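Okay, so here's the structure we're looking at.
The chains referred to below are lettered A, B, ... by the order of the sequence lines, with proteins before strands, and numbering in each begins at 1. If you're wondering where the values come from, they're calculated on a predicted model, not measured in any experiment.
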Amino acid sequence: MSDFIDTITWRGMLHDMTPGLTEHLKSGMRTAYLGFDPTADSLHIGHLVGVMTLVHFQRAGHKPLALVGGATGMIGDPSFKSAERNLLDMDTLSYNVAGIKKQLSEFLDFSDTLSNRAEIVNNYDWMAGFTFLDFIRDVGKHITVNYMMAKDSVRKRIEDGSGMSFTEFSYQLIQGYDFYHLWKHKGVTIQLGGSDQWGNIVTGTELIRRMEGGTAYALTVPLITKADGTKFGKTESGSVWLDPVKTSPYAFYQFWLNVSDEDAEKYIKIFTTLPKEEIESLVDEHRNAAHLRILQKVLAREVTTLVHGSSEFTSALKASEILFGKSSADDLRSLDERTFLQVFEGVPGSEVSRLSIDQPVDPAVFLADIAKAYPSRGEARRMLQQGAVMINKEKWPLERFITKDQILNGKFMLIQKGKKNYFLVKFV
RNA sequence: GGGGAGAUUCCAGAGUGGCCAAAUGGGGCAGACUGUAAAUCUGUUGCGAAAGCUUCGGAGGUUCGAAUCCUUCUCUCCCCA
């Protein structure tokens, strides 16, 4: 049994914890849980820190529980949110819960033979039948309003005058009760969470202490940041999702590959399970030859494989090589249709009638009006003028007309908008 | 309920009758450089090939001419009760 606290400390994943936790973990197999809010039907990489915390916890020989908030999701965690949250309806919620459950099951080991096998629980199961009267009698009685109001997350909202509904105010108590319930029935003694969850988690340990005199622990992981101060896990096109339909494995791979040097050192510790020695030697190697981007490559490989599997990783890698390598128009032509489609899966594109370029057509008109790669002809023309457009890997001048010869494999045309943005036209 | 300020292009914010498709900054996009980076420098950033067209909260009006003046509506903010 390796030391969980040492591991996550070294990995930079420890933000705060309640006293005594180190000893508590050393004395035997423990059970911890971490909650996920079902606000969408897929997790995104912001959730991955939490997932990895559970993974490391299990690898250290302890038992991880993932809680999907079917009940708490109905309320919405107000912690550090500036405004009242919108409520989700039941259908959306149960759909989201199912999606998240499925994803979580990819990361943890659920084998029956394991004594520390992972489990997934849904707080709807025990909250749904709990009546309001029972709740305020049996749970609410133990925690004072003063205590709840003192939480940073609540106080901020009151101080800045935006206020908070009773519904959201109750959230911490419900999350606290989850902890109590799992402590009582599942032997859970630790709750893990993001640093914004500290207040909610501590309400739980407090509740356990007051209701039964029990001891429970809290451990939080830091908010993942980026060296340049922008928000982690977002690209121009929005969140980076774990669901391959929402974010293609190719885009996912690219996200990690494009991480800055500074962040790569941090992320490889957090998002991979590679051992310390290996990571340290990679970091050394990277520092000696930063331009090779060894860390980014390993990081992208590891995370993509973990989330999407090795065959998806291989296609993403291959796609990247074709898109960014020194490949030429001839390389593109040599691809058969299946590989071509695989490489460009997830790349935005449009469908266009073959007839539209029966006659040679002005490239700006084609790019804007026909292929819809640009919103207006003016913009397309500007880009062409600036030399920002490549068609089938060839830099395209403003004066050169598009003809049927530009169709690859009788079906496709690859447009590059600048260096990094690809656009695939399918001819039908 | 009373009084005041305001609503401008992606954002912030200038413009207070023609020189305004609208300063400046940010952001975005692109080029050079590079490591598919960072930093930097350069270009570009309503539509249109152009003539021109549509934009300054909505509607109406004054004027040869309005983002700018008038009327009215909607919304936002501040102060007093």
Side-chain angles (χ1 to χ4, degrees), chain A residues 82-83 160-163 225-232 234-238 240 247-268 282-301 303-304 313 315-328 331-332 343-344 346-348 359-391 393-402 414-424:
Chain A
S82 51
D160 72 16
S162 54
T225 54
K226 284 191 0 185
D228 63 5
T230 54
K231 204 171 174 204
F232 168 76
K234 297 273 181 191
T235 64
E236 317 80 76
S237 42
V240 179
T247 300
S248 71
Y250 163 75
F252 188 85
Y253 174 80
Q254 284 287 323
F255 171 83
W256 295 102
L257 195 66
N258 282 318
V259 154
S260 73
D261 293 355
E262 207 176 322
D263 291 332
E265 281 189 31
K266 205 163 71 185
Y267 296 167
I268 198 162
L282 283 168
V283 168
D284 275 351
E285 244 185 283
H286 184 264
R287 285 185 179 159
N288 291 329
H291 62 282
L292 296 179
R293 293 191 300 151
I294 292 163
L295 278 180
Q296 282 92 337
K297 282 178 187 166
V298 175
L299 174 68
R301 181 192 74 205
V303 185
T304 310
F313 158 69
S315 331
L317 181 64
K318 195 166 161 197
S320 301
E321 273 166 4
I322 291 173
L323 295 178
F324 293 103
K326 319 167 270 302
S327 60
S328 64
D331 290 333
L332 273 180
V343 166
F344 294 105
V347 169
Q359 301 296 318
V361 50
D362 180 271
V365 173
F366 176 79
L367 290 171
D369 291 3
I370 301 172
K372 311 263 187 247
Y374 289 101
S376 72
R377 286 185 200 178
E379 183 163 345
R381 192 162 284 113
R382 243 184 340 261
M383 293 299 130
L384 284 159
Q385 251 157 16
Q386 292 184 125
V389 180
M390 303 238 270
I391 291 176
K393 288 269 172 189
E394 277 183 81
K395 189 163 267 190
W396 207 263
L398 182 59
E399 315 78 46
R400 184 166 167 195
F401 277 48
I402 307 274
L414 180 67
I415 298 168
Q416 266 168 282
K417 313 194 292 177
K419 279 181 191 148
K420 288 213 264 185
N421 300 304
Y422 287 83
F423 191 89
L424 186 66

Taking only N and O in the side chain of [X], is any of them less than 4.0 Å away from OP1 or OP2 of [N]?
X: K419(A); N: rA32(B); value: yes
X: N421(A); N: rA30(B); value: yes
X: S376(A); N: rC47(B); value: yes

On RNA chain B, more 5' by nearest nucleotide between A368(A) and A388(A) is A388(A)
Any donor-acceptor pair, under 3.5 Å, between the side chain of E379(A) and the base of rU44(B), if you only look at N and O atoms?
no
Whole-Å distance, R381(A) CZ to rC47(B) C1', equals 12 Å
Separation of rG35(B) atom C1' from Q254(A) atom CD, nearest Å, is 13 Å
Measure the shortest side-chain to side-chain distance between H286(A) and D261(A) over non-hydrogen atoms and say whether it is less than 4.5 angstrom. yes
Answer for the Watson-Crick or wobble partner of rA30(B), both distances under 3.5 Å, is rU42(B)
Scanning all shown strands, the Watson-Crick or wobble mate of rU72(B) with both distances under 3.5 Å is rG58(B)
Can you identify which nucleotide, out of [options], has its nearest atom closest to the [X] side chain?
X: Q386(A); options: rC29(B), rG43(B), rU45(B); value: rG43(B)
X: M383(A); options: rA49(B), rU36(B), rC29(B); value: rC29(B)
X: A290(A); options: rG35(B), rC47(B), rU36(B); value: rG35(B)
X: R377(A); options: rU36(B), rG35(B), rG48(B); value: rG48(B)

Within residues 291-300 of chain A, the residues having a heavy atom closer than 4.0 Å to RNA chain B are H291(A), R293(A), Q296(A)
Give one of base, sugar-phosphate or nothing for D362(A), where a contact means two heavy atoms less than 4.0 Å apart.
-> nothing
